There are 2 protein chains.
Amino acid sequence: MGGVFKALADPTRRFLLDLLFTRDGRTLTELESELEMTRFGVMKHLKVLEEANLVATQRSGREKLHFLNPVPIRQIHDRWIDKYTQSRVSALLDLKNSLERPS
Amino acid sequence: MGGVFKALADPTRRFLLDLLFTRDGRTLTELESELEMTRFGVMKHLKVLEEANLVATQRSGREKLHFLNPVPIRQIHDRWIDKYTQSRVSALLDLKNSLERPS
DNA sequence: AAGATAGGTGACCAAAAGGTCACATGTCAA
DNA sequence: TTGACATGTGACCTTTTGGTCACCTATCTT
């Protein structure tokens with residue numbers, strides 16, 4: 001469980017999740033090209049994300065495909081926000097968003 | 001924004017949030033008594049939580065009261081879980097919980 | 001006023017984390 | 001089958017982080 005929080009603590013790893021959120025199934029090399037870092041650094045970060053179960057992988061020949069797993073993030077949410085608080089907080093954030101980006 | 005993730009990365013700070021989740025408005029000394037750590041360590045952790053806006057404080061004489069703020073946690077959730085995924089994932093977790101703790 | 005109580009600051013040290021590199025294995029394609 | 005490509009490992013260094021302590025200020029109580 002603690003691995004998830006450690007994994008989310010680094011900005012590079014959050015950016016990797018952002019990349020996978022927009023499009024799944026990318027290879028290491030493809031992800032590396034989006035970052036100003038050597039392949040080895042990206043590999044370490046992906047390993048942390050994988051061990052935290054935030055990223056699932058699948059081999060395909062010499063390539064390794066990466067997929068975002070949203071479940072642990074939902075569990076973080078549920079730890080400190082009960083069902084009653086939830087509706088209040090999300091209503092507040094919806095209001096805030098609609099004020100910042102008026103449609 | 002990054003401060004929130006760093007704040008959540010440490011187990012002691014998560015435990016502090018757990019304590020405030022069960023009961024709000026505690027003082028530093030009261031929180032310290034629940035931990036195997038000196039007051040200074042706890043103070044540092046509370047400062048990190050406060051700067052991350054996960055804990056709000058209020059002075060009352062020589063005491064400082066601490067309150068849990070759930071908003072940033074909801075924002076983490078919304079970053080990687082869209083409205084469609086949300087219902088699927090939460091349904092999955094509800095099922096998992098009902099299987100683990102049959103009522 | 002004086003002791004006790006609650007909280008705060010800066011220096012300091014040990015442990016952990018982020019990043020790079022030399023080197024190595026497995027897979028594809030001509 | 002040879003070279004290019006995709007990924008993997010371990011050592012190494014620098015920076016950040018967690019924790020303690022000496023010392024300090026503010027507030028309450030008698």
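None of these values were measured; they are calculated from a predicted model. Both backbone and side-chain heavy atoms feed into the values below; hydrogens, waters and symmetry mates do not. Residue numbers start from 1 in every chain, and the chains themselves are labelled A, B, ... in the order their sequence lines are given, proteins ahead of strands.
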Rounded to the Å, how far apart are [X] [atom1] and [N] [atom2]?
{"X": "A/His66", "N": "D/dA6", "atom1": "NE2", "atom2": "P", "answer": "14 Å"}
{"X": "B/Phe15", "N": "D/dG18", "atom1": "CZ", "atom2": "P", "answer": "17 Å"}
{"X": "B/Arg62", "N": "C/dA4", "atom1": "CZ", "atom2": "C1'", "answer": "7 Å"}
{"X": "B/Phe40", "N": "D/dC24", "atom1": "CZ", "atom2": "P", "answer": "13 Å"}
{"X": "B/Arg26", "N": "C/dG7", "atom1": "CZ", "atom2": "P", "answer": "13 Å"}
{"X": "B/Glu63", "N": "C/dG8", "atom1": "CD", "atom2": "P", "answer": "12 Å"}
{"X": "A/Met43", "N": "D/dA6", "atom1": "CE", "atom2": "P", "answer": "15 Å"}

side-chain contact (heavy atoms from CB on, under 4.5 Å), paired with B/Val55, selected from B/Leu17, B/Leu16, B/Asn69:
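Only one option passes, and that is B/Leu17.
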Apply the side-chain contact (heavy atoms from CB on, under 4.5 Å) test between B/Arg74 and each candidate in B/Val71, B/Ile76, B/Asp78; give the one that qualifies.
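So the option named by the test is B/Asp78.
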Checking B/Val42 against B/Leu28 for the side chain to side chain contact (heavy atoms under 4.5 Å, CB included) test, could you report, in this order, the C-alpha distance in whole Å, the side-chain angles of both residues, the deciding distance, and whether it holds?
CA-CA 8 Å; B/Val42 180; B/Leu28 165 62; 3.7 Å; yes
Identify whether [X] and [Y] are in the same connected component of the hydrophobic contact network (ILVMFWY, side-chain heavy atoms under 4.5 Å).
{"X": "B/Leu19", "Y": "B/Phe67", "result": "no"}
{"X": "B/Ile73", "Y": "B/Val4", "result": "yes"}
{"X": "B/Phe15", "Y": "B/Leu31", "result": "yes"}
{"X": "A/Leu46", "Y": "A/Phe21", "result": "yes"}

Heavy-atom closest pair, residues [X] and [Y]:
{"X": "A/Leu49", "Y": "A/Ala7", "result": "CD2-CB, 4.1 Å"}
{"X": "B/Ala52", "Y": "B/Pro72", "result": "O-CG, 4.2 Å"}
{"X": "B/Thr22", "Y": "B/Arg26", "result": "OG1-NH2, 3.2 Å"}
{"X": "A/Gly61", "Y": "A/Arg59", "result": "O-NE, 3.6 Å"}

Quick check for you: among D/dT7, D/dC23, C/dT20, whose closest atom lies nearest to any side-chain atom of B/Arg39?
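Ranking D/dT7, D/dC23, C/dT20 by closest atom to the B/Arg39 side chain puts D/dC23 first.
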The criterion is side-chain contact (heavy atoms from CB on, under 4.5 Å); which residues satisfy it with B/Arg79, sequence neighbours excluded?
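For B/Arg79, the residues satisfying side-chain contact (heavy atoms from CB on, under 4.5 Å) (neighbours in sequence not counted) are A/Arg14, A/Asp18, B/Phe5.
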Using rotation axes that map the C1' atoms of four end pairs onto the next four (five pairs an end), what angle separates the end axes of the helix from C/dA1-D/dT30 to C/dA30-D/dT1, to 10°?
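One end axis against the other gives 30°.
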Pairs: protein N or O with nucleotides 16-19 of chain C N or O, under 3.5 Å:
| residue | atom | partner | partner atom | Å |
| --- | --- | --- | --- | --- |
| C/dG18 | OP1 | A/Arg13 | NH1 | 3.4 |
| C/dG18 | OP1 | A/Arg13 | NH2 | 2.9 |
| C/dG18 | OP2 | A/Arg13 | NH1 | 3.4 |
| C/dG19 | OP2 | A/His45 | NE2 | 2.3 |
| C/dG19 | N7 | A/Lys44 | NZ | 3.1 |
| C/dG19 | O6 | A/Lys44 | NZ | 2.3 |

A/Lys64 side-chain N/O to D/dG8 phosphate OP1/OP2 under 4.0 Å:
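For D/dG8, OP1/OP2 do have a side-chain N/O of A/Lys64 under 4.0 Å.
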Within residues 27-35 of chain A, residues whose heavy atoms come under 4.0 Å of DNA chain D
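Within this stretch, A/Thr27, A/Leu28, A/Thr29 sit under 4.0 Å of the strand.
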Identify, residue by residue, the members of residues 49-59 of chain A with a heavy atom below 4.0 Å from DNA chain D, and return them in order of residue number, or none.
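The stretch gives A/Arg59 as the residues lying under 4.0 Å from the strand, ordered by number.
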Which residue pairs pass the side chain to side chain donor-acceptor pair (under 3.5 Å) test when at least one of the two sits in residues 37-51 of chain B, sequence neighbours left out?
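Matches after skipping sequence neighbours: B/Arg13-B/His45, B/Glu50-B/Thr57, B/Glu50-B/Lys64.
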Does any non-hydrogen side-chain atom of A/Leu20 lie less than 4.5 Å from one of A/His66?
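Side chain of A/His66 against side chain of A/Leu20, heavy atoms only: contact under 4.5 Å found.
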